[in-house]
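In this text the structure is predicted, and so the values were computed from the model without any measurement. In this chain, residues are counted from 1 in sequence order.
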Amino acid sequence: QVELAEAGGGSVQAGGSKRLSCKVSGYDMSSICFGWFRRPPGKAREAVATINKYENTYYAGSVKGRFTISKDNGKNTLYLQMDSLELVDHAIYYCQAAVTWGGQCYELRQEGDFRYWGQGTQVTVSS
């Protein structure tokens, strides 16, 4: 059983930066594929980024070059660094984990691929 807890959400102006974190417990992080998703208001949840056990990273086109997914196995924490935030980035952000592949995932994984989810953290981007 993997438990996930996001933190770091809040308000930020467009053009600014914010770093989300996700504390992981209950499983060896080195054997997990992690992802960040987001749900904009009135829209479906969408994949943002994926990271595998080798720290290979994969991004949605809308965030590539602005967002960075990373992890610190020693701190049991997953991160999402968000720079150059835009109004369209306003959403609830979720971290997810999948143990099915032993940490070996090699593309941006979609909803349904991850079994474990955090409760979400709101990021509000204003002009």
Problem - Qualifying ring-ring contact (aromatic ring centres under 6.0 Å, His included) pairs with a residue from residues 10-42, counting only residues at least two apart or across chains - result: F37-W117
Problem - Nearest-0.5 Å distance that lies between atom OG in S31 and atom CG in N52 - result: 11.5 Å
Handout entry: Check: A91 main-chain N/O paired with Q122 side-chain donor or acceptor under 3.5 Å
Key = yes
Practice task
Please report the shortest heavy-atom distance between A47 and A60, naming the atom on each side.
Solution key: O-CB, 3.5 Å
Fill in the blank from the handout: When every non-hydrogen atom of A97 is compared with those of V2, the smallest separation belongs to CB-CG1, 4.0 Å
Practice task
Output yes when a side-chain donor or acceptor of Q110 lies under 3.5 Å from a complementary backbone atom of L108, and no otherwise.
Solution key: yes
Problem - Side chain proximity check, S62 to E86, heavy atoms < 4.5 angstrom - result: no
Problem - Expected output: side-chain K23 to main-chain K75 donor-acceptor under 3.5 Å - result: yes
Handout entry: Non-hydrogen side-chain atoms of K64 and R66 separated by less than 4.5 Å
Key = no
Handout entry: Euclidean distance, K18 NZ relative to D89 CG, rounded to 0.5 Å
Key = 12.5 Å
Practice task
Flag the pair L85 / F67 as yes when at least one side-chain heavy-atom distance between them is below 4.5 Å, and no otherwise.
Solution key: yes
Fill in the blank from the handout: The complete set of side-chain hydrogen bond (donor to acceptor under 3.5 Å, both in side chains) pairs with one or both residues in residues 90-104, sequence neighbours excluded, reads R38-Y93, Q104-Y106
Handout entry: Cluster link L78 to L4, ILVMFWY, side chain under 4.5 Å
Key = yes
Exercise for the section: Evaluate the side-chain proximity of V99 to R115: yes if any heavy-atom separation is below 4.5 Å, no if none is. Expected result: no
Problem - From CD (Q13) to CG (L87), nearest 0.5 Å - result: 10.5 Å
Handout entry: Nearest heavy-atom neighbours spanning S17 and S84
Key = OG-N, 4.3 Å
Handout entry: Spatial distance of atom SG (C95) from atom CD1 (I51) [nearest 0.5 Å]
Key = 12.5 Å
Practice task
Report the distance from atom CG of D72 to atom CE of M29, rounding to the nearest 0.5 Å.
Solution key: 7.5 Å
Practice task
Mark yes or no for whether T50, through its side chain, and Y58, through its backbone, hold a donor-acceptor pair below 3.5 Å.
Solution key: no
Practice task
Establish whether M82 and V12 are linked, either directly or via other cluster members, by ILVMFWY side-chain heavy-atom contacts under 4.5 Å.
Solution key: yes
Handout entry: Same apolar cluster (I L V M F W Y, side chains within < 4.5 Å links), I32/F114
Key = no
Practice task
Provide the closest heavy-atom pair for G120 versus E6 in the form atom of the first, atom of the second, distance.
Solution key: N-OE1, 2.9 Å
Problem - same_hphob_cluster(Y116, V24) at 4.5 Å side-chain heavy-atom cutoff - result: yes
Practice task
Answer whether the closest heavy-atom distance between the side chains of T68 and Y79 falls below 4.5 Å.
Solution key: no
